Amino acid sequence: RRQRVWEDIGSKGQTQIEATLLFDTNIVRDAPVTVTAFLTKPSIVRESSLSFDLTQVGTSVSQMLLVHNPSDTSLAVQLVFPSCDALAEGNATCDMGFKLAKEAQQVFFVKPRADLHVGPILFEPHQHTAYNTTLYVRNNLTALHPVKLNGIGGSGRLIFLDGAMDFNLTEDDLGAQILGDDSRTYRRRRVVISKSFTATNDCELPVEVKAFDINGVVGC
């Protein structure tokens, strides 16, 4: 309702108010003084949007929202998401990647002419995609103030484009070696074959390789 009233006043050009004050003095009576004032819609949020960095799928990051009280009285503030379930009291979460931490599900009070960080607001991506929604700041001054939330879910993943590594060992590679002139003296030939491979990260976040193992033997 307040928003409709403000839009109606603005569309009619009624944001400027003029008045005339009359003063009586010992020299003159009804001395006029014209006073002009302008109506300005108050804003309680310093930022119109909150952006979350590229975040690993399955993890959680958080941010606080800075609220400003431009009035001379205490400001009551509550964070709410668009209604996802009509039966959900307080509507603290929507299946949009964003939710309110438990300590954010309360009414905050901002002192006159003061700032307060409220939250935390959590971003928990479950897919490799962009997330966008609107958080509303319910308050006793401007009723509802929208704040855009956006974030991107991503991850890191190693793939091996060459597939399996084939060393192509033959029977000769594994055969015995004759020692000296005595054809009856043999020993098992030591075979060392090396091969390199290429690992590619085909996703958005970096991957740190900490160790290698072959059949559970670390460092092989």
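Keep in mind that this is a model prediction, so the values were computed, not measured.
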Quick one: closest heavy-atom pair of [X] and [Y], and the distance?
X: E204; Y: G154; answer: OE1-CA, 3.3 Å
X: G151; Y: F123; answer: C-CZ, 3.6 Å
X: F81; Y: L149; answer: CE2-CD1, 3.7 Å
X: H145; Y: S43; answer: CE1-OG, 3.6 Å
X: T142; Y: P42; answer: CG2-O, 3.5 Å
X: Y136; Y: P146; answer: CE2-CB, 3.8 Å

Side chain to side chain, [X] and [Y], heavy atoms closer than 4.5 Å:
X: L122; Y: V61; result: no
X: F52; Y: I121; result: yes
X: V77; Y: F109; result: no
X: T133; Y: P82; result: yes
X: D115; Y: V110; result: no
X: T200; Y: L158; result: no
X: L141; Y: I44; result: yes
X: Q63; Y: P120; result: no

- Item | Within residues 117-130 or reaching into it, pairs that qualify as salt bridge (charged side-chain N to carboxylate O under 4.0 Å, His left out) - sequence neighbours excluded |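 Sorted result for residues 117-130: empty, none.
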Quick one: pull up [atom1] in [X] and [atom2] in [Y] and give me the separation to the nearest 0.5 Å.
X: C203; Y: Q56; atom1: SG; atom2: CD; value: 9.0 Å
X: H68; Y: L75; atom1: NE2; atom2: CG; value: 9.5 Å
X: M64; Y: H117; atom1: CE; atom2: NE2; value: 7.0 Å
X: L66; Y: L116; atom1: CG; atom2: CG; value: 8.0 Å
X: Y131; Y: T55; atom1: OH; atom2: OG1; value: 10.0 Å
X: L79; Y: Q106; atom1: CG; atom2: CD; value: 9.5 Å

- Could you check V137 against V147 for side-chain contact (heavy atoms from CB on, under 4.5 Å), going step by step and ending with a plain yes or no? CA-CA 7 Å; V137 184; V147 177; 4.0 Å; yes
So does [Y] get a backbone contact from the side chain of [X], meaning a donor-acceptor N/O pair under 3.5 Å?
X: N132; Y: N150; result: no
X: Q105; Y: L100; result: yes
X: R113; Y: P70; result: yes
X: T25; Y: V28; result: yes
X: N69; Y: V67; result: no
X: N201; Y: R157; result: yes

- Task: Just do the side-chain contact (heavy atoms from CB on, under 4.5 Å) check on V57 and H128 with the steps written out, would you?
- Result: CA-CA 7 Å; V57 170; H128 295 74; 4.1 Å; yes
If two hydrophobic side chains count as joined below 4.5 Å and joins carry through other members, does [X] share a cluster with [Y]?
X: L205; Y: I152; value: yes
X: V207; Y: F160; value: yes
X: V35; Y: L22; value: no

- Message: Counting neighbours of CG on D24 that are heavy atoms of other residues, nucleotides or ligands and sit closer than 6.0 Å, is the number greater than 12?
- Response: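 Yes.
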